[in-house]
There are 2 protein chains.
Amino acid sequence: MVTIKDVAKASGVSPSTVSRVIADNPRISADTKKKVRKVMKKLGYHTNINARNLVVKSTKAIGVIMPSSTNKALQNPFFPEILRGIGSVIHKMQYSMSLSTGETEDEIFEEVKRMVYGSYVDGVILLYSRVDDSVTNFLYEQDFPFVIVGKPHEYVNEITHVDNDNFRAGKEITEYLVAKGHQKIAFIGGASDLFVTMDRQAGYESALTEAGIGNCEEYKIHTEFLESGGRGAVESLFALNSPPTGIVVSDDLISLGVLSMLEDSGYHIPEDISLVSFNNVYLSEITRPPLTTVDVQIYKLGAQSAKALIEKTLNKNEPAKRIIIPHRIVYRDSVSER
Amino acid sequence: MVTIKDVAKASGVSPSTVSRVIADNPRISADTKKKVRKVMKKLGYHTNINARNLVVKSTKAIGVIMPSSTNKALQNPFFPEILRGIGSVIHKMQYSMSLSTGETEDEIFEEVKRMVYGSYVDGVILLYSRVDDSVTNFLYEQDFPFVIVGKPHEYVNEITHVDNDNFRAGKEITEYLVAKGHQKIAFIGGASDLFVTMDRQAGYESALTEAGIGNCEEYKIHTEFLESGGRGAVESLFALNSPPTGIVVSDDLISLGVLSMLEDSGYHIPEDISLVSFNNVYLSEITRPPLTTVDVQIYKLGAQSAKALIEKTLNKNEPAKRIIIPHRIVYRDSVSER
DNA sequence: CTGTTAGCGCTTTCAA
DNA sequence: TTGAAAGCGCTAACAG
């Protein structure tokens with residue numbers, strides 16, 4: 001391995017000068033810089049990141065924590081897309097990204113502890129937000145730089161997070177259904193302890209109320225369609241005396257499942273029943289029919305969270321902020337006039 | 001930060017002893033170990049990974065390189081799933097995983113160079129295999145430990161890779177269609193410069209030949225359904241004098257697109273035309289109809305590649321190997337008898 | 001503008 | 001079974 005000393009010797013300067021050249025220190029003459037750089041190139045010098053990290057006490061690495069993956073929720077294209085967004089700014093800033101590998105909550109927690117105690121990373125991005133999460137609490141107590149994609153359970157004003165206005169999004173998409181003449185509108189959400197689900201559902205409820213349409217509990221179900229249970233829940237929805245004519249589904253992937261089983265049961269979308277959804281991942285374009293869905297700009301969600309985190313690691317007392325990524329409805333073919 | 005010296009002082013031993021306790025060196029008495037460990041706990045000691053890396057010249061980190069993400073191919077659930085597989089063994093071995101963040105080929109190449117020159121990682125997993133890839137060539141020339149998921153273009157016997165027997169898989173699934181009475185079978189593949197596509201297609205062709213069915217070029221098309229071009233290609237397939245009754249599609253996500261447009265055009269699956277696919281990602285269960293597809297065991301693909309790589313980093317002259325992950329056909333409802 | 005010197009926190013001979 | 005000392009490759013005062 002070529003070290004700074006080798007370069008120093010070969011170019012007839014001191015190691016510190018070489019170090020300064022690397023840092024492009026303005027107090028080094030252009031001449032020496034050029035000379036040293038040439039030698040670096042010739043010798044094939046590359047700075048050893050561990051040595052530098054050790055002294056500057058920063059790794060320029062960000063830890064990204066995925067939710068526990070005991071079910072198939074991770075197969076949601078949401079994740080590669082948000083990783084791409086995070087990656088874009090991480091890359092631009094010359095940082096690197098360390099991904100969590102634990103499958104259970106405990107494993108993940110252990111891993112996060114290693115990350116922060118072992119100085120693996122300068123900061124952490126949490127790709128989920130749950131009630132009473134040990135990782136969140138730990139990071140908060142340690143006062144370690146982190147941001148949440150989504151909404152924190154506690155300390156909302158002290159934890160910087162980037163989120164959509166899921167309440168508004170849920171409300172707007174429901175209002176759209178109402179405007180199309182629907183009165184009986186159901187809600188199908190994923191895990192009910194996720195804030196996304198709760199917020200979108202609250203928006204849905206608010207829209208119904210404001211429209212003067214009562215909202216009944218039988219119209220709200222939660223399923224991830226990952227276990228076979230979901231099927232029954234949806235069937236019972238249509239066994240009701242007065243079945244819905246429209247459905248708000250909280251996630252595109254769930255929509256695909258709902259779509260399939262509805263058509264299987266003889267309903268046609270959108271003729272018989274209309275369906276709207278969230279996220280606008282690629283597959284929502286290629287379902288049959290293509291989905292009217294709210295584009296939450298996953299990529300930006302990722303990019304902004306990385307940006308906010310890096311700012312925070314650079315300046316420890318950067319105030320906590322909430323960053324709302326705007327959404328917009330993408331109109332496709334899963335809704336019909338009533 | 002609590003260092004080894006602090007622990008040493010507090011427990012009345014030397015730093016080297018503490019270091020040995022951490023490494024669980026057998027030559028340290030059980031007593032001292034206990035004593036020192038108690039102090040470590042009390043002080044909240046955690047070893048600084050950078051300092052250790054610097055001296056042992058190993059980072060216990062693996063770099064995972066995704067394909068360039070200029071299109072939406074990354075939204076394929078294949079990626080989260082293989083990451084999960086890789087993560088499982090990385091985690092078990094107490095390694096960490098560094099994900100690439102570049103979007104273009106050039107960015108990725110730069111990043112890989114940083115990773116290896118800067119001693120960021122001990123080894124690299126390539127999640128793609130392309131013809132004439134600069135990253136592959138670089139890694140090969142540097143003699144840096146790496147494995148490819150898929151089949152290397154060159155030096156097949158010198159680069160350890162983990163792959164499916166895509167030729168056989170393609171052949172078997174096509175034979176299945178033949179056994180079901182199909183004679184006119186088309187092939188729809190993704191990018192034609194990908195080895196997966198080529199191998200699966202070759203298997204398809206071989207099956208047709210062996211069945212005494214000629215295979216004509218008009219029956220083979222390539223599209224990722226990411227650009228609108230795919231639609232036209234498929235339509236022309238059915239504008240043929242003698243349109244196919246069965247289709248082999250090289251990827252579940254593409255299948256979803258094909259499915260949708262076929263039904264849109266008035267064809268019914270499987271009554272009018274049968275369709276088989278590859279990968280068995282979650283969404284193949286929830287399409288309409290659910291897909292008969294070959295399960296390539298993505299998770300294992302990831303796990304085995306991580307395992308092979310770690311072995312290689314641990315023992316530089318571990319011989320190159322080819323690891324074939326078995327596949328199996330999952331029979332669902334997208335095929336009908338002719 | 002550049003060199004000298006002292007560490008960063010850890011592991012590892014070599015001695016005892 | 002343990003300690004002393006050197007050094008991994010780099011940066012950062014402090015001098016000059």
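From a predicted model like this one, the values you see are computed outputs, not experimental measurements. Numbers restart at 1 for each chain; the letters A, B, ... are given by sequence-line order, proteins then strands.
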| task | Check the distance between dC8(C)'s C1' and I49(A)'s CD1 and give it to me in whole angstrom. | result | 15 Å
| Looking only at atom types and distance, does a side-chain atom of D122(A) sit under 3.5 Å from a main-chain N or O of S58(A), one as donor and one as acceptor? | no
| query | Please give, in whole Å, the distance from dC8(C) C1' to N53(B) CG? | reply | 14 Å
| query | Whole-Å distance between dG9(D) C1' and N48(B) CG? | reply | 14 Å
| query | Which one, dT11(D), dT12(C), dG9(D), comes nearest to the side chain of L54(B)? | reply | dG9(D)
| query | Looking at the rings of Y128(A) and F195(A), which for Trp means the six-membered one, are their centres under 6.0 Å apart? | reply | no
| Looking only at side-chain N and O atoms, does K57(B) come under 4.0 Å of OP1 or OP2 in dG9(D)? | yes
| query | Rounded to whole angstrom units, what separation is found between the OH atom of Y45(A) and the C1' atom of dT11(D)? | reply | 11 Å
| Closest to the V13(B) side chain: dT2(C), dG3(D), dT11(C)? | dG3(D)
| Going by atom types only, do E111(A) and T101(A) share a side-chain donor-acceptor pair under 3.5 Å? | yes
| Nearest to side-chain heavy atoms of I4(B), which nucleotide of dT11(C), dT2(D), dG3(D) | dT11(C)
| task | Report the residue (A30(B) or A51(B)) whose heavy-atom-nearest nucleotide on DNA chain D is the more 5′ of the two. | result | A30(B)
| Taking OP1 and OP2 of dG9(C), is either one under 4.0 Å from a side-chain nitrogen or oxygen of T3(B)? | no
| field | Between dG3(C) (C1') and K5(A) (NZ): distance, integer Å | value | 14 Å
| query | Of the nucleotides dT2(C), dT2(D), dC10(D), which one has an atom closest to the side chain of R27(A)? | reply | dT2(C)
| query | Once you round it to whole Å, what is the distance between P of dG9(C) and CE of M40(B)? | reply | 17 Å
| task | Take the protein atom CZ of R52(A) and the nucleotide atom P of dG9(C), then report the distance between them rounded to whole Å. | result | 18 Å
| If you look at every strand shown and take non-hydrogen atoms under 4.0 Å, does S16(A) touch a base, only sugar-phosphate, or nothing? | base
| task | Check whether any side-chain nitrogen or oxygen of S19(B) sits under 4.0 Å from OP1 or OP2 of dT11(C), and answer yes or no. | result | yes
| field | Presence of donor-acceptor pair under 3.5 Å, side chain of R20(B) and base of dT13(C) | value | yes
| message | In this structure, is the centre-to-centre distance between the rings of Y117(B) and F138(B) below 6.0 Å? | response | yes
| query | Just how far, in rounded Å, is P of dT12(C) from CD1 of I22(B)? | reply | 11 Å
| request: Could you tell me whether K113(A) sits above the aromatic face of F109(A), with NZ or CZ closer than 6.0 angstrom to the six-membered ring centre and within 45 degrees of the axis? | output: yes
| message | Of the options dG9(C), dT4(C), dT12(C), whose atoms approach the side-chain atoms of S14(A) most closely? | response | dT4(C)
| query | When you check the phosphate oxygens OP1 and OP2 of dT1(D), does a side-chain N or O of T32(B) lie under 4.0 Å from one of them? | reply | no
